[in-house]
2 protein chains.
Amino acid sequence: MHGATLGPVPKPDVDPTVSLDLRVDRSSPVPLYFQLSQQLEAAIEHGTLTPGSLLGNEIELAARLGLSRPTVRQAIQSLVDKGLLVRRRGVGTQVVHSQVKRPLELSSLYDDLEAAGQRPATRVLVNTVLPASAGVAAALGVPEGGDVHRIERLRLAHGEPMAYLVNHLPLGLLDLDSGQLEATGLYRMMRSAGITLHSARQSIGARAATAAEAERLGEPEGAPLLTMQRTTYDDTGRAVEFGDHTYRPTRYSFEFQLLVRP
Amino acid sequence: MHGATLGPVPKPDVDPTVSLDLRVDRSSPVPLYFQLSQQLEAAIEHGTLTPGSLLGNEIELAARLGLSRPTVRQAIQSLVDKGLLVRRRGVGTQVVHSQVKRPLELSSLYDDLEAAGQRPATRVLVNTVLPASAGVAAALGVPEGGDVHRIERLRLAHGEPMAYLVNHLPLGLLDLDSGQLEATGLYRMMRSAGITLHSARQSIGARAATAAEAERLGEPEGAPLLTMQRTTYDDTGRAVEFGDHTYRPTRYSFEFQLLVRP
DNA sequence: TCAATGCAAATGTCCGGACAATCGGACTAC
DNA sequence: GTAGTCCGATTGTCCGGACATTTGCATTGA
């Protein structure tokens, strides 16, 4: 035994990334790890990297791309965080057996409907400023009786009422133009106003419709309704929105995917 | 202008981590970054690090602890991922203005109730093996008509029915002992069987109770019910569980916090 | 007085290397 | 034949440094 190892039998399953046309543009301002992670994600999405396939070790991948291992690891890690990849020490990195698509974002009903091709419509029923009730004040962290925005909207899909949305917002954050509210979603307006959403506390429940609710949504009185209350915070911890929504359960349900943080 | 800068005025707000008794044990098998992140998290939880306070720069923090900057960054990053900290380039790292507690795990009803001090009780009504219906087969990825486990449970809190849980599982994964099912939760049993949960697809809705459902939960017929369907996958992508649950909305609602991934 | 410029501070990105821990299979010994 | 052992492969952890980018503030200039 003096050299020439007889043969670590060549692995039957080849590294699928070799056939992939991976490359990074060092002159781009986009971070290298991000370029790589996007290309890998696209390959997974496109099916070029098949579920269950091994990714080939980080060292060699780094060498082939002319990157350092930490950079490659950062790219891979971001996809692991998204639930697209799984790492196993001593084994390798595998593409997760699909099923994972959207790991639950802070969803906007408007965006959800639009993504589903439902062409949402909004009717702004109320858009005013009034003193905060105790519950609203507590949720938004403003003094009770202090002025807040209140908007009430009816959201329709295919001409049918789908949800009744009541929202309260602190003053001074946003210019709440009714026309804009009907043309887009509240979250989109907040984001374009420079508010960086950070987290939200949600509560989902059900109850029987009151006469007024039934009337608004076109349901019989006493019909089951799906309810959601949400307080949204920006990255400074300020509450920027408090919503109290009711949905027609025959037309809408909450669908989401969640990941187990390891 | 040749040297001696007149004086960068000392910052009025001192770095709150200096008063913190941070230290790492290099002989421990616990990773250094993890030791640090745990101590920081405890300090935030305990209120020693107050919301909004700056954390002091990474370089100096690393030097004080005798760690490298990448290690300190890894610790901080894990807390940023949890939503406890916010980084701003050119500014520093701040403790988020609280509100964030649980960023939504793949929750087990049993664990939730126990954590809320409700002392949950479970009554196993059905625990059998039968051919999979079309819906169950599709959810679990097994052939239609192939055998699967089916368990039906009634979950009570304070002696009152709270939820009716129907679950289907593929054969051979788990030893489904009824006694154990009543003493603990299904998820806990799966975890201790070596199954690493990875993700789940959930759907939450509402509907009126049928006569049978109303009977089981002690509600009048036609009462609104909260429903949840969930398929859970392990890290190989296998579906390991399909659940169809109905909850009494007067006794239970889904509460969770979610983070916006930046 | 107010706007433009420059500077310091802090995080973001990237590198190259080193060693440890774990997994799985091959080999060996019984 | 079977169980235990060893070993290669791969990811996990950690280091020390370098430069880029952004932010906020102070200074400067009009």
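Proteins get letters first, then strands, A, B, ... in listed order; numbering begins at 1 in each.
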Base dT13(D) paired with Arg69(A) side chain (donor-acceptor, <3.5 Å): yes
Can you find an N or O donor on one side and an acceptor on the other, under 3.5 Å apart, linking the side chain of Arg87(A) with the base of dT13(D)? no
Figure out the [atom1]/[atom2] separation between [X] and [N], and round it to whole Å.
| X | N | atom1 | atom2 | answer |
| --- | --- | --- | --- | --- |
| Ile59(B) | dA8(C) | CD1 | C1' | 14 Å |
| Leu32(A) | dG12(C) | CG | P | 16 Å |
| Leu85(A) | dT10(D) | CG | P | 16 Å |
| Glu58(B) | dG16(D) | CD | P | 16 Å |
| Gln74(B) | dG12(D) | CD | P | 10 Å |
| Gln35(A) | dC14(C) | CD | C1' | 13 Å |
| Leu65(B) | dG16(D) | CG | P | 13 Å |
| Arg73(A) | dA18(C) | CZ | C1' | 14 Å |

Just jot down the side chain to side chain contact (heavy atoms under 4.5 Å, CB included) partners of [X], sequence neighbours excluded, or say none.
| X | result |
| --- | --- |
| Ser68(A) | Pro70(A), Thr71(A) |
| Val129(B) | Asp147(B), His149(B), Leu171(B) |
| Arg150(A) | Thr128(A), Leu130(A), Glu152(A), Val166(A), His168(A) |
| Arg69(B) | Glu58(B), Ile59(B), Arg73(B) |

Going by salt bridge (Lys or Arg N to Asp or Glu O under 4.0 Å), name the residues that satisfy it together with Arg23(A), two or more places apart in sequence or in a different chain.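 So Arg23(A) forms a salt bridge (Lys or Arg N to Asp or Glu O under 4.0 Å) with Asp21(A).
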Pro70(B) has its side chain closest, among dG16(D), dT13(D), dG12(C), to dG16(D)
Using the 3.5 Å cut-off, write out each protein N or O paired with an N or O of nucleotides 21-27 of chain D and the distance between them.
from: dT21(D); atom 1: O4'; to: Arg89(B); atom 2: NH1; distance (Å): 3.2
from: dT21(D); atom 1: O3'; to: Arg89(B); atom 2: NH1; distance (Å): 3.2
from: dT23(D); atom 1: O4'; to: Arg89(B); atom 2: O; distance (Å): 3.4

Looking at [X], I'd like to know whether one of its side-chain N or O atoms comes within less than 4.0 Å of OP1 or OP2 on [N].
| X | N | result |
| --- | --- | --- |
| Tyr33(B) | dC14(D) | no |
| Thr93(B) | dT11(C) | yes |
| Arg26(A) | dC15(C) | yes |
| Thr71(A) | dC15(C) | yes |

Write down the atom of Asn127(A), the atom of Asp177(A), and the distance for their closest heavy-atom approach.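 That closest heavy-atom pairing would be ND2-C, 4.3 Å.
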First of Gly92(A) and Phe34(B) reached from the 5' end of DNA chain D, by closest nucleotide: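 On the 5' side of the pair lies Gly92(A).
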Is it the case that Gln35(B) and Asp25(B) place a side-chain donor and acceptor less than 3.5 Å from each other? no
